[in-house]
Structures are given as structure tokens and as C-alpha cells.
Chemist: 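Just dropping this structure here.
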Amino acid sequence: MPGGRFRNVPRSRTTVKSAPMKAALFVPVRYTGVADSGWPVSGGKYSIDTAEKSMAAAMNQFKLADEVGFDWVTLAEHHYSPFSLTPNPMVIAGAMTQVVKRAKIALLGANIPILNPVRVAEEFAMLDTMTGGRIIAGMLRGSPNEYVTYNINPAESRGRFEEAMQIIRMAWTETEPFGWQGRYYEYRTISIWPRPVQQPHPRIFMSGSSPESGEFAARNRIGLGLAFTNVPQAQKSVELYRRVAAEAGWTPTDDDIIYRVITHVGETDEDAVHAYSNLSKIGPRGSLTLANRNLESAVDSAGYYGKDREGQRARLMPRSMQESIEIGSMVIGSPETVCKQIERIHREVGAGIIDMTVANDLGDKTLRSIELIGEKVIPFMRTLGTA
Amino acid sequence: MNAPSPHIRLRDEAGQGPAVVILQPAGQPVSKIVPDLARDYRVLTVEVGATAASPGAAQELAAALAHIVPEPAGVIAGNATAPLALWLAAEKPDAVAALGLIAPPPLDAALREKAAAIATATLVLFGTRDAANPPTAGRAFRLALPNCQMLFVYDATGAMAEERPQAVAAALDEFLQRREKFIVTTRSGQLYP
């Protein structure tokens, strides 16, 4: 278990202090039974009973996270795969409003380019009302494979994303019915009910993994979310984000930056590593897009990746556990070890929100991991980021 | 145009069909929305002089238009001519079939007082990148005019007719034909028979 700084990573930035560091728990709501690999995944081996149990277990994990002190619980949108049973995260978020009583519920995302943006605005507003204003509105392009789901051209992803986000913001803030004459969207009248509790609207985060996205987030004062990333890659993304934000006249704080990282905590380093190693026998844990090389090639040739194509593809490549730990794409070990790893991410990247992708299919070990984070890691995180 | 006014001049005419009048200040090029509109309409680009918008100016404009457009016409106006177009609808409602106002300036006190009586179907268009007349300015028109629809044109400024002519023309074309009914689409969603 590495205990020092990341290899070859300079300590290059002065942290902009803000609120205490936040802990988020991302439960992918993984199907815990046997399934084929690839993408899309056949439903031939699908078990209704297993799916029901998988979702129930995830709800318990969210509930526990709320009870042990996580600041946020987070969801994602993925389709056609046992990797995640939340093709519409709004639906499970609706159920979570009844069991998660304190933590904010962050939907990271909605994949807005493949959805109806007015519907997204309505659903976020519903959830914000049901939680009394505890919704974080993530808006993402989604992983490239998701464009196949609803037959959307991935080459138009960025244009659709930027326009959809403006529609959603306008739907939240404009009180008179209005129409929209866009490039990809056309509406003759929009006037949503209910409306957001948080004014003018819930906090928005978007993925900043590509340079284009990071620049857009900075220009539009949107929070930055980094997932499937590592410390060197995230450092570059955050540096660009801060630079463009400065040009746009504002200074992001650590609280504007989410770093999502695969996480498992055990009583000891050995317990944690042993438990997590067994997961590789259960099912795919890597990029959904790379699970289908023909699809990945087609998406690539459509121009999805943008100007940092090589970097974007490289960060999706599978790595060994040891290498993942060393570059900061995984934190694993005892609470003490994980505290050190998180401190390094905070120091090197300047991220104020650590979104821990829990290994959610380890039964009691998953629950104990969440408890240990609540008991020993979160109190340590509270000491980071304070002025 | 044989108009009885030194301030008003027919600049351009294109297409056939129901009449649409585009009001613009003297000396500007013909709008880029004209070719698309001319597929469905007889589009008359009319230059108006620098006279201030007022009931009198509207009467003068109505008299001039009567020479070339005997029937009620759709009227499209930009930022500079929108107040005059509103006065025309107020003073001569029978001459105006519908109004399309592109990035109109805020209503002045006189027009605010008159607005509730302007029953003409009106579409106000605001560009999402327009700093001078932002989309939030549309709310005042919605609230003041009894028959007003508000449309935001994405990624456009007040010069939306030149920046995104197809998008602007498509909205105006449909609105001028169907007026209030334009909020219900008639476009088929069927992909294949």
C-alpha cells in the first residue's frame, strides 16, 4: 500500500480554501448476479430476483451513508448493462427521498444530450421539492456508448449538451411560458411545475474530463466533476478549469470540484485488498464503452472525444489495482491508509468533494466499508479544506 | 411604392402568397429571413424613416401600406421598428394580421398604457446571447400584451435574423400562418409510412 506522494506528480498548486471537504457516496446500483460481458449486455441470464435484491441492497447502502454522515449520496445514468441498474437515476432518486433524510442527493447525471431537457428540468424540480432543496443537478454528456441507447449521433453530443443545459436553466428560472428555437431542440411553450426549491436553481455540476467540457464549465460557472480519472489527469483538468474561470472573472473553490474515485475500506489494508480483489471474478468494472471495441471505434470516428482524444481514451483503459492506487484512481485499505490517500488527492488536485464509488456488491463488507468511512474517514476529511 | 409619405419606401418585394411586411430602418440590407419567408408569403420589405414611433406615425404608415397591401398583413419588426409596429396594431388593428417582434426594446410609458388593448396575435423573439435585450425582457411583453407568445432563439443576439435566419424565419412563418395555434405542432413525427 503506497503511503507517500503520487509518483511523478509535482505539488503544483496552492489550494483555494473554502468549506470543509465533503464526502459523497456513489453507489452504482450494480446487478450482483452473473451476467455476460460487453455492451450492450444480453438479458439472457437476467434474474428478476437478483435485480430486486441488488436495488434493495443499494437503497440500504444509501440509507446507511446518510446515517453515518456522508454529505452527498450520488447516482449515475447508464444503460443496457449490469454495471448499473439506474438507466433513469431520477426514478431511484425519487425513492431515495423517502430514506435519505439529511444528505444531498446528487444525480451525476442526467445524460442530457440523449434526453428531453424539459423533462429533465421537471424531474430535477420535482426532486428538489420532495427533498426541500437537497438536489445536486449533474448534467453530463454520458459515456460514449450511451448515444446508441436512444439513437443519438455522438458527433452532435457537445452541441446538444450545451443547448440542453441552457434550456434546463431557462425552464427553472423563467416564470412566464416561453418557446425555444434551438439548433437541436424546438419547443413552442415551456412552463414547468413544480419549480426548484433552491433559488435561482440547484447547483449544477458537469463532467470536466475533456478540455472542451472543462472550458465550458469554467465559462459558465458550473461545478467540475472528474470521474474515471487519476491524479495527473485531474490536475491538468483542474488547472485548465481554474485558468479559464479566471479569464471569465471568477475563482472556483475546492467545493466546485468533485473527484470520483473507486473506494473500499476494510479493518486493515489486507482485509480491504483481499475483499476487493475477489470482485474481479464477479463482473465487468471498467469502461462500458471499451467493453465493446467496435462500438468504441465507431464513436471515436464520429468525433466524440474532441481535441484530447488520446488522453480521453487512455484514461478509460483498465489498470492493475496497484497502479490504480498509485495514480489515485482508487483508494483502498484501512481507514488510516484511505485518509492518507484522500489527503493526497485533496492536496494534489484541489478537489473538495470526494465521490467514493463504493464496491457495492460485497454484502456486509460493503456496509462495513461505509460505516468505517463514516466513523474514521469523514471526521478526518472535515479537517481538510477549512480556512 | 406610391406612398403618400416621404418617410416610407418599399425597399424589396419577394414571393407570393399572403402579405408579410418587414419594417426596417432606411439603409439596411434586406433581411436574410426573406428567402425562406418568400416560399410561403409575399414579403414586402418597407423602410421607415427616423420618425419617432407614435399614433400619428402609425397612421401615416397605415396609409402608406394601404396602397400596396389592401388585406391585413403579417408585420415583422426589429428592435428599431418594433414600437412603430405596436402602434400600428393599436391604431389600425384591422391592417395587422399578426405581429412578429425581433428583440424589441422595453415598452415605453405610452405603449404600456395602450398594450392591454392590443389584441393582435404577437410573437416576441429574444436571443439567448442578447445582452442589450435579454430573454428576461420578454416577460414584460407577455404580461402586458393580452395575446403574446415569447420565443427564445438559442445562441443568437438581437441580430438573430442575420445570425440564424432559418431558425427565425421558420418560427415567424409558422406563427404568422397559425397565430395562437402555433403552440400545437402539426409536424408529423412519423419516420416511415
Chemist: Do chain B and chain A have donor-acceptor pairs under 3.5 Å, and which are they?
Modeler:
| from | atom 1 | to | atom 2 | distance (Å) |
| --- | --- | --- | --- | --- |
| R139(B) | NE | E174(A) | OE1 | 3.4 |
| R139(B) | NE | E174(A) | OE2 | 2.8 |
| R139(B) | NH2 | E174(A) | OE1 | 3.1 |
| M150(B) | O | G179(A) | N | 2.6 |
| F152(B) | N | G179(A) | O | 2.8 |
| F152(B) | O | Q181(A) | N | 2.8 |
| Y154(B) | N | Q181(A) | O | 3.0 |
| Y154(B) | OH | E163(A) | N | 3.4 |
| D155(B) | OD2 | R183(A) | NH1 | 2.7 |
| D155(B) | OD2 | R183(A) | NH2 | 3.3 |
| R164(B) | NH1 | Q181(A) | O | 3.2 |
| R164(B) | NH2 | G182(A) | O | 2.8 |
| A167(B) | O | Q181(A) | NE2 | 2.9 |
| E174(B) | OE1 | R188(A) | NH2 | 2.9 |
| R187(B) | NH1 | E186(A) | OE1 | 2.9 |
| R187(B) | NH2 | E186(A) | OE1 | 3.0 |

Chemist: Does the side chain of P135(B) come within less than 4.5 Å of M170(A)'s, by heavy atoms?
Modeler: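 Yes. Closest side-chain heavy atoms under 4.5 Å.
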Chemist: Mark yes when over 12 heavy atoms from residues, nucleotides or ligands other than Q16(B) sit less than 6.0 Å from its CD; otherwise mark no.
Modeler: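 Not more than 12 within 6.0 Å, no.
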